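Please read all numbers here as calculations on a predicted model, not as lab measurements.
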Amino acid sequence: MRWNLDPAHTSIEFSVRHMMIATVKGTIRLKEGYVETDESGKPLRVTARLDAKSIYTGVPDRDNHLRSPDFLDAENHPEIVFKSERITPLGEGRYRVEGEVTIRGVTRPMAFEVETQGPVKDPWGNERLAAHFEGRLNRKDFGLTWNMALEAGGLLVGDEVRFSVDTQVVKAEKVVS
């Protein structure tokens, strides 16, 4: 079975240390994605594509800098892509998802634990599931190395990027061949 990720009901938030004393938070939008499950509902595969140009922190100059070649290079790399390779049930609607994420043309392994809820029917008769997960990555692993030294020591931008995702998936219509 196929379940489509619902961009209208997906929130992808991230945070990074700034000047070693504060945290900058932002969002990025889901373009599209899907989850494939077996007949029992066990997830088999997940693919998600994020819109690199949609990065938003609330400060236009910073957002433009994050889209620039110093960071995401969104003009040349318009998507951030995650593809699962293994999904392991942990019980009670929880799964360990292992796969690869590609940012700025660089692909690295990533793993995280997902909590799911549902299924439920929405008011229009669509079957939905919800999921939540959090993770971390090192931006330097993806070639995002731009930084500035601070006068008092340390660097302007932290290396660790934390992220939190809440999403809903909608069961796709059966395809008649």
Side-chain angles (χ1 to χ4, degrees), residues 1-16 25-58 63 66-67 72 74-139 141-142 160-177:
M1 284 184 262
R2 184 176 170 121
W3 299 75
N4 294 320
L5 282 104
D6 182 354
H9 293 97
T10 297
S11 169
I12 305 165
E13 301 173 336
F14 66 88
S15 63
V16 179
K25 296 182 179 187
T27 62
I28 193 163
R29 285 193 317 252
L30 171 72
K31 282 178 82 170
E32 63 181 2
Y34 64 89
V35 178
E36 289 182 24
T37 66
D38 65 16
E39 290 300 318
S40 73
K42 177 185 176 240
L44 303 172
R45 273 178 290 293
V46 175
T47 297
R49 297 179 184 287
L50 312 183
D51 180 1
K53 292 180 181 179
S54 74
I55 197 160
Y56 176 80
T57 64
D63 297 345
L66 291 172
R67 291 180 195 111
L72 294 177
E75 194 63 40
N76 293 308
H77 303 282
E79 294 183 334
I80 296 170
V81 179
F82 176 80
K83 292 183 180 182
S84 69
E85 294 180 336
R86 180 181 315 163
I87 301 175
T88 307
L90 301 175
E92 299 179 15
R94 293 182 8 251
Y95 299 89
R96 177 168 174 78
V97 178
E98 299 171 72
E100 293 184 331
V101 65
T102 301
I103 301 173
R104 196 177 151 154
V106 177
T107 302
R108 296 280 185 258
M110 177 175 284
F112 44 84
E113 189 174 309
V114 178
E115 296 177 34
T116 64
Q117 299 288 323
V120 299
K121 286 228 185 233
D122 69 20
W124 302 274
N126 300 304
E127 196 169 350
R128 290 180 175 265
L129 292 167
H132 171 80
F133 62 94
E134 298 177 5
R136 301 171 188 210
L137 60 84
N138 185 319
R139 67 186 183 91
D141 291 345
F142 298 91
E160 182 181 76
V161 178
R162 295 177 184 219
F163 59 88
S164 174
V165 178
D166 287 285
T167 189
Q168 290 183 28
V169 295
V170 181
K171 192 174 194 179
E173 296 290 324
K174 291 186 178 179
V175 177
V176 179
S177 43

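In terms of heavy-atom proximity, Arg49 sits nearest to Glu79 at NH1-OE1, 3.2 Å. Across all their heavy atoms, Ser84 and Arg45 have their closest contact at OG-CA, 3.4 Å. The two residues Asp38 and Met1 come nearest to each other via the heavy atoms O-CE, 3.4 Å. Between Arg104 and Leu72, the shortest heavy-atom distance links the atoms CG-O, 3.8 Å. Here the closest heavy-atom approach between residue Val101 and residue Met110 is recorded as CG1-CE, 3.7 Å. The minimum heavy-atom distance linking Ala48 with Leu30 is given by the pair CB-CD1, 4.2 Å.
Counting only heavy atoms from C-beta outward, the side chains of Arg29 and Thr27 never approach each other to under 4.5 Å. Taking 4.5 Å as the limit, some side-chain heavy atom of Glu160 sits within range of a side-chain heavy atom of Arg136. Put simply, the side chain of Ile103 does not reach to within 4.5 Å of the side chain of Val81, judged on heavy atoms. Counting heavy atoms from C-beta outward, Phe82 and Leu50 have side chains that stay 4.5 Å or more apart.
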Stepwise side-chain contact (heavy atoms from CB on, under 4.5 Å) check, Lys42 with Thr37
CA-CA 5 Å; Lys42 177 185 176 240; Thr37 66; 5.9 Å; no
Chi angles and distances behind the side-chain contact (heavy atoms from CB on, under 4.5 Å) call for Val165, Phe163:
CA-CA 7 Å; Val165 178; Phe163 59 88; 4.3 Å; yes
Going through the distances and angles, do Val169 and Tyr34 end up as a side-chain contact (heavy atoms from CB on, under 4.5 Å)?
CA-CA 8 Å; Val169 295; Tyr34 64 89; over 6 Å; no
Might you work through the side-chain contact (heavy atoms from CB on, under 4.5 Å) test for Arg108 and Glu100, ending with a clear yes or no?
CA-CA 5 Å; Arg108 296 280 185 258; Glu100 293 184 331; over 6 Å; no
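Side chain of Arg2 to backbone of Lys171: no donor-acceptor contact under 3.5 angstrom is found. Of the possible polar contacts, one joining the Asp63 side chain to the Thr57 backbone as a donor-acceptor pair under 3.5 Å is found.
At a threshold of 4.0 Å, the pair Glu134-Arg162 does not count as salt-bridged, since none of the basic side-chain nitrogens sits closer than that to a carboxylate oxygen.
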Donor-acceptor contacts under 3.5 Å from residues 111-120 side chains, at least two apart:
unit_1	atom_1	unit_2	atom_2	d
Glu113	OE2	Arg94	NE	2.8
Thr116	OG1	Gly93	O	2.8

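Asn126 and Arg128 are not linked by any side-chain donor-acceptor pair at a separation below 3.5 angstrom, with hydrogens and angles left out of the test. Looking only at atom types and distance, the side chain of Ser11 has no donor-acceptor partner in the side chain of Asp166 under 3.5 Å away.
Atom CD1 of residue Ile80 and atom CD1 of residue Ile12 lie 8.5 Å apart, to the nearest 0.5 angstrom. The OG atom of Ser164 sits 12.5 Å away from atom CZ of Phe14, with the distance rounded to the nearest 0.5 Å. With rounding to the nearest 0.5 Å, the separation of CD in Glu32 from CG in Asp51 is 11.0 Å. Expressed to the nearest 0.5 Å, how far OG1 of Thr102 lies from NE2 of His77 amounts to 10.5 Å. Of the inter-residue distances, the one linking Gln168 atom CD with Asp6 atom CG reads 6.0 Å to the nearest 0.5 angstrom. Rounding to the nearest 0.5 Å gives a distance of 12.5 Å between OG1 of Thr167 and CH2 of Trp3.
Heavy atoms of other residues, nucleotides or ligands lying less than 6.0 angstrom from NZ of Lys83 number 12 at most.
Not a single ring pair (Phe, Tyr, Trp, His ring centres under 6.0 Å) links Phe142 to another residue, sequence neighbours left out.
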